[in-house]
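Worksheet: one structure, shown below.
Remember, predicted model here, so these are calculated numbers, not experimental data. Just so it is clear: chains get the letters A, B, ... in the order the sequence lines come, proteins before strands, and each one is counted from 1.
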Number of protein chains: 2
Amino acid sequence: MRYRRQDVVERAIAVLDERGIDGLTMRKLAADLGVQPGALYHHFAGKDALLQAVADEILRRGRRPAEIMAWDAELQLLCVGLRDAMRRHRDGALLIAQVHRADAEALEQPLRAALGRAGAADDLARVGARALVRFVLAHEDDEAVDFALGLGLLLDGLRQRVSPSA
Amino acid sequence: MRYRRQDVVERAIAVLDERGIDGLTMRKLAADLGVQPGALYHHFAGKDALLQAVADEILRRGRRPAEIMAWDAELQLLCVGLRDAMRRHRDGALLIAQVHRADAEALEQPLRAALGRAGAADDLARVGARALVRFVLAHEDDEAVDFALGLGLLLDGLRQRVSPSA
DNA sequence: ACCTGAACACCGTTCAAGT
DNA sequence: ACCTGAACACCGTTCAAGT
């Protein structure tokens, strides 16, 4: 049988949901596809590249259209959207965090842009975006109310520095 | 030759610093000690228990005596102390974060206690302590100035909620 | 009590050879 | 182009047997 790259990614997500990130091995995925382990290396350079593609697909599915709103509401919505995308899959945050270590830019860019539009200095926008993304990654398993409270701490800090005269 | 538990832990830290967390395997550690891999299981139930002991030792070495100071300065000092303890070893934050997932209480307790003494409600103390610890774990590799700025965001948020009339 | 020797059940990755 | 078959170089863990 023949498999396209996208088929492999989708099967990998299914395996992830069934077995968790430790159970998502090249060999298990190959067996799941009815193929030899070595065959996967025709579609992906290695396991890292496969996980990157899986993370991209999970995030792509969670993406929402941009809306016009206040910058702090926009940041909150981006964070909640990221959280929701991760929580749709077993060990989602573990996977995204792993991939995020290799490519932080993709996740942080929209938040940094929003902070920039709000008038934050470059340093603040960069550090703030990073702190928000890592907060979301680190608090996947928290209760929604705790997540909102913790996120509020960061957003309050940002509000104080972006518009001190509020 | 005979090894005490503590000898194994210290050798493990040396291996960690040399090879990083992926290079700290039971087999490499055993070879480093001049012993068969199976021998390690007389000292530790498994790799998790070994890593737990390594993390405990790293944190123990970084512990400082308590001082009497303002609650926000105390939080900052605890966070910087944790950061410094981690940064003394290769992949320190990765190791501590891994162990922290199994036992969050040990790391968060001192921060939660400080927030409690400052008058924070239980929920705020719990969520605040957790956010601070995870911030430190997630920002090990950041520049000191970025770390301070990001930490300041959280501390500002906490100040606003702990003593709103400041 | 502590360690050896040897095995068991896994990994990711490579690559000649087939189709 | 895509996959098989088979190997290579690793893992963590277990356990009878030795001392």
- Bracket notation of DNA chain D in which parentheses pair within the strand, [ ] cross earlier pairs, and | pairs with another strand (Watson-Crick or G-U, under 3.5 Å): ||.|||||...|||||.||

Please output the side-chain donor-acceptor pairs of residues 86-95 of chain B that fall under 3.5 Å, not counting sequence neighbours, one pair per line with the distance.
from: B:Arg87; atom 1: NH1; to: B:Glu140; atom 2: O; distance (Å): 2.6
from: B:His89; atom 1: ND1; to: B:Asp17; atom 2: OD1; distance (Å): 3.2
from: B:His89; atom 1: ND1; to: B:Asp17; atom 2: OD2; distance (Å): 3.2
from: B:Arg90; atom 1: NH2; to: B:Glu18; atom 2: O; distance (Å): 2.6
from: B:Asp91; atom 1: OD2; to: B:Ile21; atom 2: N; distance (Å): 2.8

- So if you build clusters from Ile, Leu, Val, Met, Phe, Trp, Tyr with side-chain heavy-atom gaps below 4.5 Å, do A:Phe135 and A:Trp71 land together? yes

- Note on the structure: Scanning both residues in full, the closest heavy-atom pair of B:Ala85 with B:Ile58 reads O-CG2, 3.6 Å

Compile the donor-acceptor pairs under 3.5 Å between side chains in residues 114-129 of chain A and protein atoms, sequence neighbours left out, one pair per line.
from: A:Arg117; atom 1: NH2; to: A:Glu74; atom 2: OE2; distance (Å): 2.9
from: A:Asp123; atom 1: OD1; to: A:Arg126; atom 2: NH2; distance (Å): 3.0
from: A:Arg126; atom 1: NH1; to: B:Asp146; atom 2: OD2; distance (Å): 2.7

- Message: I'd like to check the ring-ring contact (aromatic ring centres under 6.0 Å, His included) partners of A:Tyr41; sequence neighbours left out, ordered by chain and number.
- Response: none

- Please walk me through it: do A:Ile96 and A:Leu107 pass side chain to side chain contact (heavy atoms under 4.5 Å, CB included)? CA-CA 9 Å; A:Ile96 305 288; A:Leu107 275 178; 3.6 Å; yes

What pairs of donor and acceptor atoms, side-chain ones from residues 27-40 of chain A against any protein atom, are under 3.5 angstrom apart with sequence neighbours left out?
from: A:Asp32; atom 1: OD2; to: A:Arg11; atom 2: NE; distance (Å): 3.3
from: A:Asp32; atom 1: OD2; to: A:Arg11; atom 2: NH2; distance (Å): 3.1

- Message: Measuring to OP1 and OP2 of C:dC3, would you say a side-chain N or O of B:His43 lies under 4.0 angstrom away?
- Response: yes

- Item | Side-chain N or O of A:Gln36 closer than 4.0 Å to phosphate OP1/OP2 of D:dG5 | yes

- B:Leu40 CG to C:dC3 P, straight-line distance once rounded to whole Å: 9 Å

- Task: In whole angstrom, give the distance that lies between atom CG of B:Leu33 and atom P of C:dC3.
- Result: 9 Å

- In B/S/- notation (B base, S sugar-phosphate only, - none; protein heavy atoms under 4.0 Å), nucleotides 7-19 of chain C written 5' to 3' is B---BBBBB----

- Query: Any side-chain heavy atom of A:Leu82 sitting closer than 4.5 Å to one from A:Leu59?
  - Reply: yes

